[in-house]
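Here's the structure, in structure tokens; my notes come after.
Below, all heavy atoms of this structure are taken into account, side chains as well, without hydrogens, waters or symmetry copies.
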Amino acid sequence: MVLKHRTIYWTLNFFDKGIFKLDYSAIATSESPVISQNYTVGYSLGIDIDKGHGTNIHDPDVKKAVEAMGKFFSDFLREYLPNSIYCLYSGGGIYILIHHKALNPFYQIYRNNSDPEFSWDRMFKLLGDAFDTIIEDKEAEFFKLHPEHVGKVKADALNNSQRVFKTIYSIHK
């Protein structure tokens, strides 16, 4: 995989093991999202904190900014989910993940709801958009508190049901 592709990625979805019995080569690309939704039993919302555009992670000020933002977000989230926040270095940045079990109440509401208006896409869009808004608001707050880090670091607010992160210890060709 590494010789053919630059990086190996992993999905933030947690799947029922039945999905691994499917032959995806026989499934149309347009059908794939619906199938993966049906087998998703959990999801880890995440924040991808990266160095700023045009900066170098080896610059001590950039590294300090990335680590400071990582601490800022993880401290904030731990106020609400003290045992469910995980931080991982990702080369030039940091991933902050919310344990997938923290979202179980949302999955239970979705699974137990018979209202056709309450679809997977709608539930996940509401959840992802809400978390992305929190990321954007907290990033703005971080820069107000730490103007010295502006331009050196950024937090990606890109949560959606097809989101992937680079794998831990991903090997680059």
Side-chain angles (χ1 to χ4, degrees), residues 1-14 29 32-33 36-37 40 42-107 120-173:
M1 289 293 293
V2 174
L3 293 175
K4 186 174 180 184
H5 306 282
R6 181 177 179 272
T7 306
I8 300 172
Y9 291 88
W10 103 86
T11 178
L12 301 181
N13 297 56
F14 284 78
T29 304
S32 179
S36 65
Q37 291 165 8
T40 295
Y43 188 88
S44 288
L45 288 172
I47 304 170
D48 183 2
I49 297 172
D50 287 318
K51 64 184 184 61
H53 182 69
T55 63
N56 184 332
I57 193 60
H58 301 294
D59 176 335
D61 289 337
V62 173
K63 187 173 193 269
K64 183 178 177 182
V66 168
E67 291 174 356
M69 184 177 273
K71 182 172 180 358
F72 178 80
F73 272 103
S74 63
D75 287 350
F76 165 71
L77 292 170
R78 281 191 178 110
E79 288 180 38
Y80 300 95
L81 297 163
N83 299 313
S84 300
I85 306 303
Y86 301 91
C87 302
L88 310 159
Y89 282 104
S90 67
I94 296 173
Y95 291 141
I96 298 178
L97 296 170
I98 297 175
H99 193 279
H100 66 281
K101 296 266 184 188
L103 300 176
N104 275 357
F106 295 98
Y107 287 102
W120 167 271
D121 291 334
R122 184 167 183 202
M123 179 205 61
F124 201 90
K125 181 160 179 34
L126 289 170
L127 190 58
D129 287 353
F131 190 60
D132 287 347
T133 298
I134 290 169
I135 294 169
E136 291 166 353
D137 289 350
K138 294 307 284 184
E139 181 186 46
E141 182 182 331
F142 174 80
F143 287 131
K144 283 182 185 173
L145 294 170
H146 301 282
E148 71 276 15
H149 295 319
V150 171
K152 296 176 188 168
V153 62
K154 62 183 177 67
D156 289 337
L158 300 170
N159 284 277
N160 61 60
S161 64
Q162 302 298 311
R163 180 76 164 131
V164 294
F165 280 3
K166 291 178 196 163
T167 58
I168 315 272
Y169 304 118
S170 183
I171 301 169
H172 298 249
K173 71 176 173 178

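- Contact check for Glu139 versus Lys154: side-chain heavy atoms found under the 4.5 Å cut-off.
- A distance of 3.5 Å separates CZ in Phe143 from CE in Met69, rounded to the nearest 0.5 Å.
- No donor-acceptor pair under 3.5 Å is formed between the side chain of His146 and the backbone N or O of Glu148.
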Problem - side-chain contact (heavy atoms from CB on, under 4.5 Å) assessment of Val164 paired with Leu12 - result: CA-CA 6 Å; Val164 294; Leu12 301 181; over 6 Å; no
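- When atom types are taken as modelled, the side chain of Thr55 and the backbone of Val62 share no donor-acceptor pair closer than 3.5 angstrom.
- Remark: Phe76 engages Tyr80 in a ring-ring contact (aromatic ring centres under 6.0 Å, His included) (not counting sequence neighbours).
- Side chains of Leu127 and Leu103 form a contact here, defined as non-hydrogen atoms less than 4.5 Å apart.
- Counting non-hydrogen atoms of neighbouring residues, nucleotides and ligands closer than 6.0 angstrom, the NZ atom of Lys64 reaches no more than 12 such neighbours.
- Between the CG atom in Asn159 and the OH atom in Tyr43 there is a gap of 5.5 Å [rounded to 0.5 Å].
- Under the 4.5 Å side-chain criterion, counting only non-hydrogen atoms from C-beta, Leu81 is not in contact with Leu77.
- No donor-acceptor pair under 3.5 Å is formed between the side chain of Asp50 and the backbone N or O of Asp156.
- Residues Leu158 and Asp132 fail the side-chain proximity criterion, which asks for heavy atoms closer than 4.5 Å.
- A salt bridge is absent between Lys71 and Glu67: the closest approach of a Lys/Arg side-chain nitrogen to an acidic carboxylate oxygen does not fall below 4.0 angstrom.
- Pairing each heavy atom of Thr40 with each of Ser36, the nearest pair is OG1-O, 2.7 Å.
- Side chain of Thr11 to main chain of Asn13: a donor-acceptor pair is present (N/O by atom type, distance under 3.5 Å, no hydrogens or angles).
- Taking 4.5 Å as the limit, every side-chain heavy atom of Asn56 sits out of range of all side-chain heavy atoms of Lys51.
- Closest approach of Gly93 and Val66 over heavy atoms only: CA-CG1, 4.0 Å.
- The shortest side-chain heavy-atom distance between Ile85 and Ser74 falls under the 4.5 Å cut-off.
- Close placement of the Phe142 and His149 rings is indicated, their centers lying within 6.0 Å of each other.
- To the nearest 0.5 angstrom, Glu136 atom CD is 10.5 Å from Ile134 atom CD1.
- Applying the ring-ring contact (aromatic ring centres under 6.0 Å, His included) test to His100 and every residue at least two apart in sequence or in another chain returns Phe14.
- A 4.5 Å side-chain heavy-atom check between Leu45 and Leu97 finds every atom pair outside the cut-off.
- Side-chain contact between Phe73 and Ile135 is present, with at least one heavy-atom pair separated by less than 4.5 Å.
- From Ser44, atom OG reaches atom CD1 of Ile96 across 13.0 Å, with rounding to the nearest 0.5 Å.
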Practice task
Would you sort out whether Phe131 and Ile47 count as a side-chain contact (heavy atoms from CB on, under 4.5 Å), showing the intermediate values?
Solution key: CA-CA 9 Å; Phe131 190 60; Ile47 304 170; 3.8 Å; yes
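- With rounding to the nearest 0.5 angstrom, the OG1 atom of Thr133 is 13.5 Å from the NZ atom of Lys138.
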